[in-house]
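Here the structure is laid out as structure tokens; the discussion comes afterwards.
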Amino acid sequence: IIVLSIVGIMLRCEWNLTTFWVTALQMNVFLGLLLASLLLSGAGDRFGRKPIALTGAIGVTVAGLLCGLATKFWHLFLLRGLVGFFMGVDIGPSAVLIAEVSTIK
């Protein structure tokens, strides 16, 4: 969330965005996260947790790198939504994998 704040300030200066569009850009990440969490919460049970967690991690990495190459606002807007979507894909299986491998002492 801290990184999103810094990116918002930088984009406001670089691309002359209004507060509305900076907020919409940041909100888009969380909207993608929400959608993926709701739609794909059972995917880990169906396809296995490791493949879903790996898909989410690779997706966040690729979409995040593509965000750095975006030259238009709408490209960045869609890619940030995609980053959020893959974050949502990764949340459920990752939490369960951590719980499975951690021990109670």
[X] and [Y]: same hydrophobic cluster, using ILVMFWY side-chain contacts below 4.5 Å?
{"X": "I58", "Y": "L69", "answer": "yes"}
{"X": "L35", "Y": "L40", "answer": "no"}
{"X": "L11", "Y": "W74", "answer": "yes"}
{"X": "L31", "Y": "L78", "answer": "no"}
{"X": "F20", "Y": "W15", "answer": "yes"}

Any heavy-atom pair between the side chains of [Y] and [X] that's under 4.5 Å?
{"X": "L97", "Y": "V101", "result": "no"}
{"X": "L66", "Y": "V62", "result": "yes"}
{"X": "F73", "Y": "L25", "result": "yes"}
{"X": "T18", "Y": "R12", "result": "no"}

Side chain to side chain contact (heavy atoms under 4.5 Å, CB included) between T19 and T23: does it pass, once the steps are laid out? CA-CA 6 Å; T19 303; T23 305; 4.0 Å; yes
Atom NZ in K50, atom OG in S94: separation rounded to 0.5 Å?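 It is 12.0 Å, given to the nearest 0.5 Å.
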How long is the gap from CE on M87 to CZ on F30, to the nearest 0.5 Å? 6.5 Å
Results of side-chain hydrogen bond (donor to acceptor under 3.5 Å, both in side chains) for E14 - residues two or more places apart only: none
Please report the shortest heavy-atom distance between [X] and [Y], naming the atom on each side.
{"X": "L79", "Y": "C67", "result": "CB-SG, 3.5 Å"}
{"X": "P51", "Y": "G48", "result": "CD-O, 3.4 Å"}
{"X": "P93", "Y": "R49", "result": "CB-O, 3.6 Å"}

Have a look at F86 and tell me which of D90, V83, L82 forms a side-chain contact (heavy atoms from CB on, under 4.5 Å) with it. L82
Quick check against the 3.5 Å criterion: does N28 have a side-chain atom that pairs as donor or acceptor with the backbone of F77? yes
